[in-house]
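Because only heavy atoms are used, hydrogens play no part in the values below, and waters and symmetry mates are left out as well, while side chains stay in.
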Amino acid sequence: MQTFFDPEFQGRGVGKRAVRMLLEQAREENRWGVVHAFPATGNGPSNGICRSLGFRLPGRLDVTFADRVLHSNHWAIDPRVDLRH
């Protein structure tokens with residue numbers, strides 16, 4: 001079974017389009033308010049999606065999970081005013 005995680009689907013902008021569609025729907029329906037994302041600091045593609053769509057980067061967040069420290073960037077966007085076209 002193929003998924004969007006398969007290498008053949010990566011780098012095609014599918015994830016960015018999906019996030020944009022959800023944020024546009026949230027804006028049109030006036031839902032959610034500020035949306036937060038917490039990709040790993042080393043996850044360049046996910047951080048790139050956030051950056052390119054207009055998310056703000058308030059800072060980093062370290063979370064302990066299963067006896068490991070996960071280093072995440074904390075991104076935030078208000079789709080009603082911040083979403084880039």
Side-chain angles (χ1 to χ4, degrees):
M1 180 171 116
Q2 290 185 314
T3 70
F4 289 113
F5 299 110
D6 291 339
E8 68 187 86
F9 293 107
Q10 295 176 4
R12 294 180 160 190
V14 174
K16 181 178 176 179
R17 286 194 304 271
V19 172
R20 175 182 291 286
M21 288 173 62
L22 286 171
L23 293 172
E24 287 173 346
Q25 184 175 355
R27 179 183 60 208
E28 290 166 8
E29 296 177 3
N30 197 29
R31 295 179 64 179
W32 301 339
V34 177
V35 176
H36 299 267
F38 299 93
T41 56
N43 186 332
S46 292
N47 284 290
I49 288 171
C50 292
R51 187 179 305 104
S52 68
L53 291 177
F55 280 74
R56 298 177 315 283
L57 181 60
R60 284 183 52 172
L61 180 65
D62 292 339
V63 177
T64 302
F65 178 77
D67 296 324
R68 294 182 56 203
V69 176
L70 306 176
H71 306 289
S72 299
N73 283 326
H74 174 199
W75 294 93
I77 190 170
D78 185 336
R80 296 166 294 190
V81 294
D82 298 327
L83 185 60
R84 292 186 185 149
H85 295 284

Taking atom CZ of Arg17 and atom CD1 of Ile49, what is their separation to the nearest 0.5 Å?
10.5 Å
Non-neighbouring partners of Arg80 that pass salt bridge (Lys or Arg N to Asp or Glu O under 4.0 Å), sequence neighbours left out:
Asp78
Taking only residues two or more places apart in sequence, or in another chain, which ones meet Glu24 in a side-chain contact (heavy atoms from CB on, under 4.5 Å)?
Arg20, Arg27, Glu28, Leu83
Do any pairs count as a salt bridge (charged side-chain N to carboxylate O under 4.0 Å, His left out) and have a residue in residues 30-55, sequence neighbours left out, and if so which ones?
Glu29-Arg31
Among all residues two or more places apart in sequence or in another chain, which pass the side chain to side chain donor-acceptor pair (under 3.5 Å) test with Arg84?
none
Could you name each residue pair satisfying ring pair (Phe, Tyr, Trp, His ring centres under 6.0 Å) that touches residues 38-58, not counting sequence neighbours?
Phe38-His74
Within residues 64-77 or reaching into it, pairs that qualify as salt bridge (charged side-chain N to carboxylate O under 4.0 Å, His left out) - sequence neighbours excluded:
none
Side chains of residues 57-66: which donor-acceptor pairs under 3.5 Å do they make with residues two or more places apart or in other chains?
from: Arg60; atom 1: NH2; to: His71; atom 2: ND1; distance (Å): 3.3
from: Asp62; atom 1: OD1; to: His71; atom 2: ND1; distance (Å): 2.8

Donor-acceptor contacts under 3.5 Å from residues 40-47 side chains, at least two apart:
from: Asn43; atom 1: OD1; to: Ser46; atom 2: N; distance (Å): 3.0
from: Asn43; atom 1: OD1; to: Ser46; atom 2: OG; distance (Å): 3.3
from: Asn43; atom 1: ND2; to: Ser46; atom 2: OG; distance (Å): 3.2
from: Asn47; atom 1: OD1; to: Asn73; atom 2: ND2; distance (Å): 2.9
from: Asn47; atom 1: OD1; to: Trp75; atom 2: NE1; distance (Å): 2.7
from: Asn47; atom 1: ND2; to: Ala40; atom 2: O; distance (Å): 2.9
from: Asn47; atom 1: ND2; to: Asn43; atom 2: O; distance (Å): 2.8

